[in-house]
Amino acid sequence: MSRRPVAQINLQALQHNLARVRQLAPQSQVLAVLKANAYGHGLVRVAQALSDADAFAVARIDEALALRTGGIVKPIVLLEGFYEAAELPLLLANNLQTVVHNELQLQALEQAALDGQLKVWLKIDSGMHRLGIEPAQFDDFYRRLWQCSAVLPGIRLMSHFCCADEPGSDRTLQQLAVFTDLIAGKAEQRSLANSAAILAFPQSHAEWVRPGLMLHGISPFIDQIGTAHHLQPVMRLSSRLIALRKVRAGERVGYGGHWQAACDTTVGVIAVGYGDGYPRHAFNGTPVWLNGREVPLAGRVSMDMITVDLGPNAQDKLGDEAVLWGPELAIERVAACAATIPYELLCNITPRVDYQYLL
Ligand SMILES: *Cc1c(COP(=O)(O)O)cnc(C)c1O
């Protein structure tokens, strides 16, 4: 029995979710997004399990190099591109593809003396106003990239949606129209769709889709869980009951006396806290799965522990397993109870958590 919180990673579920992406976007290649330690699931292990993906994407060069060190040979795209010209030889040596989203990057490529050519994805800002060139810059960038000796012929064109997780919003279709009009007549491969757009906007799939969250079995939509989209949760975060105590009606539990017992009851202490990545802002009542039922969080989350109300007739025993999220309890619900999103919960898991990979 592990004495610390365990994140079990179900690699079969991961593969199932990739197959689901292919089912949803049968004409598209899959650029699996593995940034931030594969959304907290473990970069190299996830990449190995996703051997059926066509390519991988990460945010930063260190993540890409960690994949190469881990023996991953598939194409890797740097979603933020390179930051300085000095990195270009490293990109070439490690077969990393780069996004280009600004003039400085373009100039660095134009001035580079490389003994090889890099694959480039030109990022266009179609309305999110984060990364990407302005539509008015497109013709100039397009022409200069094609002329650039450091760039492989056959650039790719991409954009990113700001609101694809709001299926009722017309922003996604507006962005799609901006992008489509801008590149009309161009034969280059295109990529726009994140998980939400893969699920809600099939017209945006194009040649490459870029799923991240859904590969881990999680819904990008508020108020929906992944299983509603035939996805399977990949992570199961669990820990153990390490103390039980009787509290009387009116007594308070935890820091700040933040929770007060309405009746005589038993409080259970579980060995997981914000020092493991459990959200400190989880409200009283946030569900925890224990012995076949949900029990409510009772009191503030501590660094190493949480307290739950087991009820007056609790039969639970020391050492019993509690699930913080996983197949028994959707992470989407826990995130909602902590006023955050599943992405953040996953990224916040700390190295103190033990990872177990299940085939
Ligand atoms: C993170 C990211 C994705 C994946 O988004 P999900 O919502 O996790 O599917 C796709 N494209 C870009 C540019 C990203 O930064």
Side-chain angles (χ1 to χ4, degrees), residues 14 17-18 20-22 24-25 28-41 43 46-47 50 53-61 63-64 67 75-83 96-102 105 120-133 156-167 169 171-172 175-176 179 189-202 204-222 224-226 229 231 233-235 331-332 335 340-348:
L14 195 65
N17 297 331
L18 175 56
R20 179 74 184 127
V21 170
R22 292 222 183 268
L24 287 160
S28 308
Q29 301 197 68
V30 177
L31 181 57
V33 180
L34 304 184
K35 61 200 183 192
N37 194 29
Y39 293 53
H41 288 66
L43 179 64
V46 167
L50 293 179
D54 297 290
F56 297 126
V58 292
R60 313 217 174 116
I61 192 164
E63 299 172 313
L67 283 171
I76 301 175
V77 181
L78 300 176
L79 291 173
E80 295 178 358
F82 57 97
Y83 300 163
L96 307 183
Q97 306 182 2
T98 184
V99 165
V100 166
H101 58 82
N102 67 28
Q105 291 172 323
V120 166
W121 298 64
L122 176 58
K123 182 149 187 183
I124 299 157
D125 176 14
S126 58
M128 181 166 185
H129 303 322
R130 192 178 60 178
L131 286 190
I133 59 164
R156 292 179 180 149
L157 305 173
M158 67 182 289
S159 191
H160 194 55
F161 294 127
C162 61
C163 302
D165 57 336
E166 299 169 32
S169 159
R171 301 277 293 273
T172 304
Q175 284 192 260
L176 184 59
F179 182 83
Q189 295 185 355
R190 305 154 297 157
S191 177
L192 300 110
N194 58 1
S195 295
I198 291 168
L199 289 161
F201 294 95
S204 73
H205 287 171
E207 286 74 29
W208 288 87
V209 290
R210 304 193 306 268
L213 191 71
M214 70 186 293
L215 292 173
H216 301 104
I218 302 167
S219 165
F221 308 112
I222 297 272
Q224 282 181 22
I225 64 172
H229 301 283
L231 300 168
V234 173
M235 183 186 291
I331 190 172
E332 293 91 335
T340 186
I341 52 176
Y343 298 84
E344 190 187 25
L345 295 187
L346 295 171
C347 287
N348 281 350

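Every number for a ligand or one of its atoms is a count from 1 in the order of the listing.
Residue Ala196 has no nitrogen or oxygen atom sitting less than 3.5 Å from a nitrogen or oxygen atom of ligand 1, judged on distance alone. Between Tyr39 and ligand 1, at least one pair of N/O atoms sits closer than 3.5 Å.
In this model, no donor atom of one side chain and acceptor atom of the other lie less than 3.5 Å apart for His229 and Arg20.
Considering every non-hydrogen atom in both Val100 and Val120, the closest pair reads CG2-CG1, 3.6 Å.
The distance from ligand 1 to the heavy atoms of Ser195 drops below 4.0 Å at these ligand atoms: 6 (P), 9 (O). Less than 4.0 angstrom separates some heavy atom of Leu213 from each of these atoms of ligand 1: 6 (P), 8 (O), 9 (O).
Taking atom 11 (N) of ligand 1 as the reference point, the nearest protein heavy-atom neighbour is Arg210 NE, 2.9 Å. Of the protein's non-hydrogen atoms, Tyr343 OH, 2.6 Å is the one closest to atom 7 (O) of ligand 1. Of the protein's non-hydrogen atoms, His160 CE1, 3.4 Å is the one closest to atom 12 (C) of ligand 1.
Side chains of Glu63 and Leu34 form no contact here, defined as non-hydrogen atoms less than 4.5 Å apart. Taking 4.5 Å as the limit, some side-chain heavy atom of Trp121 sits within range of a side-chain heavy atom of Trp208. For the pair Leu346/His41, a side-chain contact is recorded, criterion being any heavy-atom separation below 4.5 Å from C-beta on.
The closest approach between any non-hydrogen atom of Lys35 and ligand 1 is below 4.0 Å.
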